[in-house]
Amino acid sequence: YRSGFPAWFNPAGTSSGLVIDTVRFTGGSSSGLVIGDIDQQGLSAVRLVSNVKIIDSSFDNNNGNGLWLAAVNGFEITRTKFLNNGPGDDKDGLHVGASINGLVQDSEAANNGEDGFDTSRNGGNDICQGNSYNITYLRNVAHDHPNAGFSMNNCAWNLVYRNNYAYGSGTPFNQYYCAHNVKIQG
C-alpha cells in the first residue's frame with residue numbers, strides 16, 4: 001500500500017475470500033482502506049463482498065477511518081490495530097457500515113477521531129432498517145477517543161460485546177439511535 005493514497009476494494013461483481021495478513025495501511029488522504037460499497041444501505045443492501053479476513057494488520061495515521069467495512073457479508077478481524085485515524089467527527093478506527101455476520105477479536109483501537117469501534121450505517125442518510133447485524137466483538141481494547149471506545153447506532157442489531165475493555169477519554173460503550181438486541185458481557 002502506498003502512503004498518501006486511499007485504498008479501496010469494491011469489485012464490480014461478487015468477491016469472496018479476501019485475506020489481508022500482516023499489512024500496514026498508513027498515511028491515507030482519506031480512509032486507510034474501504035472494503036465494499038459505501039452507497040449500500042439497510043436491509044436492501046447488496047453485499048457483493050463476503051468472507052473477508054484481516055489478521056495481524058495495522059490501520060494508522062489515516063485522514064479518515066482506519067478501516068471501513070461497507071456492506072460486507074461475513075468478516076473476521078483478528079489481532080489488528082486501529083491507531084490515530086481522523087481527526088474529526090465520523091473518523092473511526094474501525095467503521096462497520098451495513099455489514100453483517102462478523103467477528104472482531106483481540107484487536108486494539110486508540111486515539112481515533114471519533115470512535116474506536118463503530119457499528120453503524122454507511123453515509124449520512126438516517127435510514128433505520130437494521131443496517132449492521134450479527135456482529136461479535138471479543139477481547140478487544142479501546143482507549144482515548146473523543147466519543148466512545150465502542151459505539152453502536154443507526155438500528156444496528158444482534159451485537160455481542162464479550163470481554164472487551166475500554167478506558168481513558170470518551171464513553172466506554174455508547175448506544176444511540178435505535179441500536180437494539182445488544183449484549184455486553186464480562
Side-chain angles (χ1 to χ4, degrees), residues 1-2 5-60 62-82 85-86 89-105 107 109 112-137 140 150-160 177 179:
Y1 170 71
R2 185 174 172 192
F5 294 87
W8 196 316
F9 181 77
N10 185 18
T14 59
S15 179
S16 181
L18 173 66
V19 176
I20 297 172
D21 190 348
T22 320
V23 177
R24 182 179 183 203
F25 294 84
T26 187
S29 60
S30 60
S31 293
L33 174 62
V34 178
I35 299 175
D37 186 350
I38 63 172
D39 293 324
Q40 296 297 318
Q41 297 283 354
L43 293 176
S44 62
V46 176
R47 295 176 175 92
L48 297 176
V49 179
S50 62
N51 302 316
V52 173
K53 286 190 178 188
I54 300 173
I55 308 156
D56 294 319
S57 293
S58 178
F59 299 83
D60 63 272
N62 297 292
N63 201 37
N65 297 309
L67 171 62
W68 185 347
L69 295 179
V72 172
N73 181 2
F75 61 91
E76 182 178 315
I77 299 171
T78 304
R79 295 181 310 272
T80 294
K81 295 183 181 290
F82 306 93
N85 296 290
D89 192 32
D90 284 335
K91 306 294 191 273
D92 307 311
L94 170 62
H95 182 84
V96 178
S99 294
I100 61 175
N101 304 320
L103 172 64
V104 181
Q105 61 186 348
S107 295
N112 294 290
E114 184 179 41
D115 301 314
F117 299 94
D118 186 20
T119 307
S120 184
R121 65 176 191 264
N122 288 322
N125 296 327
D126 288 333
I127 299 172
C128 199
Q129 300 175 335
N131 288 301
S132 292
Y133 57 91
N134 296 341
I135 300 168
T136 298
Y137 289 86
N140 299 291
F150 299 87
S151 186
M152 59 223 75
N153 54 79
N154 288 90
C155 297
W157 55 288
N158 282 357
L159 307 176
V160 176
Y177 197 54

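Under the side chain to side chain contact (heavy atoms under 4.5 Å, CB included) criterion, Asp89 pairs with Glu114, not counting sequence neighbours. Under the side chain to side chain contact (heavy atoms under 4.5 Å, CB included) criterion, Asn51 pairs with Ser16, sequence neighbours left out. Listed by chain and number, the residues in a side-chain hydrogen bond (donor to acceptor under 3.5 Å, both in side chains) with Ser99 amount to none (sequence neighbours excluded). The ring pair (Phe, Tyr, Trp, His ring centres under 6.0 Å) search around Phe59 returns Phe25, Phe82, not counting sequence neighbours. Every residue two or more places apart in sequence or in another chain that forms a side chain to side chain contact (heavy atoms under 4.5 Å, CB included) with Lys81 is listed here: Ser58, Leu83, Glu108. Every side chain to side chain contact (heavy atoms under 4.5 Å, CB included) that Asn73 has, sequence neighbours left out, goes to Arg47, Ser50, Ile100, Asn101.
With values rounded to the nearest 0.5 angstrom, Leu103 atom CG is found 10.0 Å from Lys53 atom NZ. Expressed to the nearest 0.5 Å, how far CD1 of Ile55 lies from CD1 of Ile20 amounts to 10.0 Å. Here Tyr137 contributes atom OH and Phe150 contributes atom CZ; the two are 8.5 Å apart, rounded to the nearest 0.5 Å.
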Residue pair Ile135, Phe75: steps toward the side-chain contact (heavy atoms from CB on, under 4.5 Å) verdict: CA-CA 9 Å; Ile135 300 168; Phe75 61 91; 4.1 Å; yes
Intermediate values then yes/no, side-chain contact (heavy atoms from CB on, under 4.5 Å), Asn153 and Asp118: CA-CA 8 Å; Asn153 54 79; Asp118 186 20; 3.0 Å; yes
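A distance-only check finds a donor-acceptor pair linking the side chain of Ser57 to the backbone of Thr22 [under 3.5 Å]. With hydrogens and angles disregarded, no donor-acceptor distance shorter than 3.5 Å links the side chain of Asp115 to the backbone of Ser151. His95 contributes a side-chain N or O that, together with a main-chain N or O of Arg121, makes up a donor-acceptor pair within less than 3.5 Å. The closest donor-acceptor contact from the side chain of Ser132 to the backbone of Thr119 lies at 3.5 Å or more, if one exists at all.
Of all heavy-atom pairs between Ala71 and Asp37, the closest is CB-O, 4.0 Å. Counting all heavy atoms, side chain and backbone alike, Phe9 lies closest to Ser15 at CZ-OG, 3.3 Å.
Inspection of the Ser30 and Asn63 side chains reveals no N or O donor paired with an N or O acceptor under 3.5 Å. Judged by distance alone, the side chains of Asn112 and Asn65 never bring a donor and an acceptor atom under 3.5 Å apart. In this structure, a donor-acceptor pair under 3.5 Å is absent between the side chains of Ser31 and Asn62.
When side chains are defined from C-beta on, Leu67 counts as touching Ile54, because their heavy atoms get closer than 4.5 Å. Asp92 is not listed as a side-chain neighbour of Leu94, based on a closest heavy-atom distance of 4.5 Å or more. Residues Asn10 and Val34 are not in side-chain contact: their nearest non-hydrogen atoms beyond the backbone lie 4.5 Å or more apart. Using a 4.5 Å heavy-atom cutoff, the side chains of Ser120 and Met152 are not in contact. Counting only heavy atoms from C-beta outward, the side chains of Glu76 and Gln105 approach each other to under 4.5 Å. Contact annotation: the side chain of Asn140 approaches that of Val104 to within less than 4.5 Å [non-hydrogen atoms, C-beta and beyond]. Using a 4.5 Å heavy-atom cutoff, the side chains of Ile35 and Trp68 are not in contact.
The aromatic rings of Trp157 and Tyr133 sit parallel to each other, their planes meeting at less than 30°, with 60° as the upper class boundary.
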